[in-house]
Each structure stands twice: as C-alpha cells, then as structure tokens.
Amino acid sequence: MKTVFSRAAIALTFLSLLLLSPVTFSEKCNPQDKKVLLRIKQELNNPYLLASWDPKTDCCDWYCVECDIKSHRITALIMQSSVPDTNLSGHIPPSVGDLPYLQNLEFHKLPRLTGPIQPTIAKLKNLKYLFIEYTNVSGSIPSFLSQLTNLQLLHLSTNNLTGSIPSSLSQLPNLESLHLDRNKLTGPIPESFGSFKKPGPDIILSHNQLSGPIPASLGQIDPERIDLSRNKLEGDASVLFGSMKRTQILDVSRNLLSFDLSKVDFPKQSLIWLDLNHNNIYGKIPVALTKVENLQQFNVSYNRLSGQIPQGGELQKRFDVYAFFHNKALCGSPLPPCKK
C-alpha cells in the first residue's frame, strides 16, 4: 500500500513541476518568414488587423497567415477586413516579395490600402492566386505580372487602376480567371487575348472605360464567362458567339456594339446568361434561342431589333416585356402582337 501511495506522490510532484515550470515548445514557423511578416506589419503601420502577429508566438498560428503542413513555410497571406473602418493603411508592403513559397496573396476590402501594385510581387514565382480587390490601389496594371507563370486566378477588381490592359497577360499559361472589372481602365482589349492557352480564362472586364472594337481574335478562345459590360466598346461582337462553344455567361450590355443578331448562333446546353441590352444591335432574334435549354437571364432591350420574337422554348416562359422593350420594331409575345 505504501508503494502505491509513494508512486502517486511522485507522479503528483512531477505533474506539479511540469505545470509550474515554463516549457519551451519548438516553433514551426520558418525564422526568415517570421522576420518578413513582422516587417510587413511595420510597413502597414501595425494595424489591429494584425494584432495576433506577436513575435513571441508561432507565426503559423497568426491571423491572415497559412503555412505548409510539412515545410511550415508561408504559403498564403490573406488580408481582408470585415469592417469598413479598418486602420490598415499604406501601400502594398514591398516585403511580400520576400516570401518565396507564397502561393496565395490576397488584399480584400481594405479601403485605406493605396499606391501601386508592388514590383516585388514579380519575385513570387510560386504564386497561383493574386487577389487585390475593393481597395484604393492605383496606377497601371503592371506588365511584370506576366512573369508569374503559375498564376491561375488574377483578380484586380474594384480598385482605382488606370491605363491600358497589358497585352503580355496573355502569356500566362495557367490562367483560369481574369477579373479586371470596376476600375478606370482605358484603351482597347488587347488583340493578344486571343492567344491565351485554350480554352482560355474567364474574362471579366466590366465597368471600365475600354474602347474600340472587340478583337476578332477572341473568337479563337472559349471561356465559360465573358463580361465586357459597361464600357465604350463598338463594332461587331459576333465572334463571341457559336453553337459549339461552352459559354455559360455572356454580357456585353451597355456598350456601343452594332452587329446583326440574326446571323449568330448559341450554345444550346451551357448558356445560362445572355445580356445585350443598351447597344445598337440590329436584325431579328434568332429562332435558335428557343433551343437554349437552361437560359436564366436574358435581355436585348434598348437595341434596334425588329421582327417577331420567336415562339417556344424559354423566351416567353421566363422573360417579360422588360427583356425586349425599346427596340426598333420588335413584336410578338410578351410584347404587343405584330401588325398584319
């Protein structure tokens, strides 16, 4: 019995010492990565968004940071705020280029983030995802982004970016999605965009001030989503159509486009969204549209279309007068009947 009690006493004593004495745990975070992160925090004026970035703790546990499960190198830096009055301010930190294993870099909903897209980002050769959205980052879209050949998603939406779109972006061999919408971009859509590796990335360029014709070369690629709406594009957009394409969303609304709609064809199974409103499109609505099986959004209002709206399919079932009105001489359900 004494032996049992003595063993229990030893165990309790050892446990007490363990709890009372400081224990040093090995840190997983790479020391060099940690130095870089602390420099980034300083370059952003020590915002409360990064309050967890305490040099006494493991940086793999810090908010906005993700580490590789094996190497423990920093692979993701995701800075986003859920509150509009975040005190994170300044430029994109130049030190982000010193995280060589970074695959995902995001700055999202940070209205006090200003200045240009940093040239040091070009050093991130492993980068797959670059998101700079809902910030006040300004300047031009840098051509050095074409050096990031592993990029899959390039989203630069809702900033203050100006200037033209670099033609060199078409050299990104793995790009799946290109979002440059809601900026102040000017000039044409680059002809080189037709040379994207097939089938081509989703191309979202809406809410800018782009001008000129839609390049005929865009007919050589086959993205699932194309949104060129709310620009100043003119001329022929028929190259974007085709019965063999896999297009799901096509929006060219609120431009200056002018072409004969009756001469284009549509993907019958994939197309779910077609918006052509507020252009100068003429001709008749093709009967082929009645064969599109899953059309959920459709608008050809404010154009110069004429003739009878084809009967059948989803055109009358799903879409009311507002999808068709303000055309030259369009008639038939859901608009008033055609005059005999």
Side-chain angles (χ1 to χ4, degrees), residues 79 89-94 96-97 105-124 127 129-197 200-218 221 223 225-235 237 240 251-257:
M79 294 195 182
S89 63
H91 293 185
I92 295 174
V96 295
L105 178 60
E106 298 186 29
F107 297 96
H108 187 71
K109 289 188 177 179
L110 300 170
R112 298 185 187 182
L113 190 69
T114 58
I117 297 175
Q118 286 289 352
T120 55
I121 290 176
K123 297 193 293 183
L124 301 174
L127 202 64
Y129 315 111
L130 178 58
F131 293 81
I132 304 173
E133 299 180 305
Y134 296 91
T135 76
N136 275 301
V137 167
S138 59
S140 60
I141 297 174
S143 58
F144 65 70
L145 293 177
S146 63
Q147 300 171 29
L148 302 174
T149 55
N150 285 306
L151 266 188
Q152 296 176 17
L153 306 181
L154 177 56
H155 290 193
L156 306 177
S157 305
T158 319
N159 298 296
N160 283 318
L161 297 171
T162 55
S164 58
I165 299 173
S167 60
S168 58
L169 293 182
S170 62
Q171 298 170 18
L172 293 168
N174 297 297
L175 198 63
E176 298 173 2
S177 180
L178 176 64
H179 288 213
L180 306 179
D181 53 299
R182 298 178 187 273
N183 282 288
K184 299 173 182 176
L185 301 174
T186 54
I189 298 173
E191 185 78 29
S192 65
F193 274 22
S195 61
F196 271 115
K197 184 179 178 182
D202 292 345
I203 298 177
I204 312 298
L205 307 179
S206 67
H207 295 80
N208 279 291
Q209 299 166 29
L210 301 174
S211 58
I214 293 175
S217 62
L218 286 190
I221 57 174
R225 297 180 61 203
I226 298 178
D227 187 352
L228 311 179
S229 63
R230 295 178 183 266
N231 281 288
K232 300 175 182 178
L233 300 169
E234 57 191 35
L240 304 177
D251 190 343
V252 294
S253 62
R254 295 181 181 269
N255 278 287
L256 304 169
L257 300 169

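Bear in mind that the values here come from a model prediction, so they are computed numbers and not experimental data. Numbering starts at 1 and runs along the sequence shown.
Around OH of Tyr134, the count of heavy atoms belonging to other residues, nucleotides or ligands within 6.0 Å does not exceed 12.
Annotation: side-chain hydrogen bond (donor to acceptor under 3.5 Å, both in side chains) contacts of Asp227 (sequence neighbours excluded): Ser229. Shown here are the side-chain contact (heavy atoms from CB on, under 4.5 Å) partners of Pro166, two or more places apart in sequence or in another chain: Ile141, Ser143, Ser168, Leu169. Evaluation of the side-chain hydrogen bond (donor to acceptor under 3.5 Å, both in side chains) rule for Ser192 yields Ser170 as partners, not counting sequence neighbours. Here Phe196 pairs with Phe193 under the ring pair (Phe, Tyr, Trp, His ring centres under 6.0 Å) rule; sequence neighbours left out. Residues that satisfy the side-chain contact (heavy atoms from CB on, under 4.5 Å) test with Pro215, not counting sequence neighbours, are Ile189, Glu191, Ser217, Leu218.
We find the CD1-CG distance between Ile117 and Leu145 to be 6.0 Å, quoted to the nearest 0.5 Å. Rounding to the nearest 0.5 Å places CG of Leu233 at 8.0 Å from CG of Leu256. The distance from atom CE of Met79 to atom NE2 of His108, rounded to the nearest 0.5 Å, is 14.5 Å. Separating the NE2 atom in His179 from the CD1 atom in Ile204 is a distance of 4.5 Å, to the nearest 0.5 Å. Taking CG from Asn208 and CG from Leu228, the interatomic distance works out to 10.5 Å, rounded to the nearest 0.5 Å.
Side-chain contact between Leu210 and Ile165 is present, with at least one heavy-atom pair separated by less than 4.5 Å. The shortest distance between side-chain heavy atoms of Leu185 and Leu205 does not fall below 4.5 Å.
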Please table the atom pairs, donor to acceptor, closer than 3.5 Å between any side-chain atom in residues 148-162 and protein atoms at least two apart or in another chain.
from, atom 1, to, atom 2, distance (Å)
Asn150, ND2, Lys125, O, 2.8
His155, NE2, Ser177, OG, 2.9
Ser157, OG, Asp181, OD1, 2.6
Asn159, OD1, Thr135, N, 3.2
Asn159, OD1, Thr135, OG1, 2.5
Asn159, ND2, Ile132, O, 2.7
Asn159, ND2, Leu156, O, 3.0
Asn159, ND2, Ser157, O, 3.1
Asn160, ND2, Asn136, OD1, 2.6

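Among all heavy-atom pairs drawn from Val137 and Ile92, the shortest one is CG2-CD1, 4.1 Å. What you find for Asn255 and Val252 is that their closest heavy atoms are ND2-O, 3.0 Å. In this structure, Gln209 and Asn231 approach most closely via the heavy-atom pair N-OD1, 3.3 Å. Contact between Pro116 and His91 at its shortest, heavy atoms only, is CD-ND1, 4.1 Å. For the residue pair Ile221 and Gly200, the shortest heavy atom distance occurs at CB-CA, 4.4 Å. Of all the heavy atoms in Lys123 and Gly97, the pair that sits closest is CE-O, 3.3 Å.
A donor-acceptor pair under 3.5 Å is absent between the side-chain atoms of Gln171 and the main chain of Ser146, judged by distance alone.
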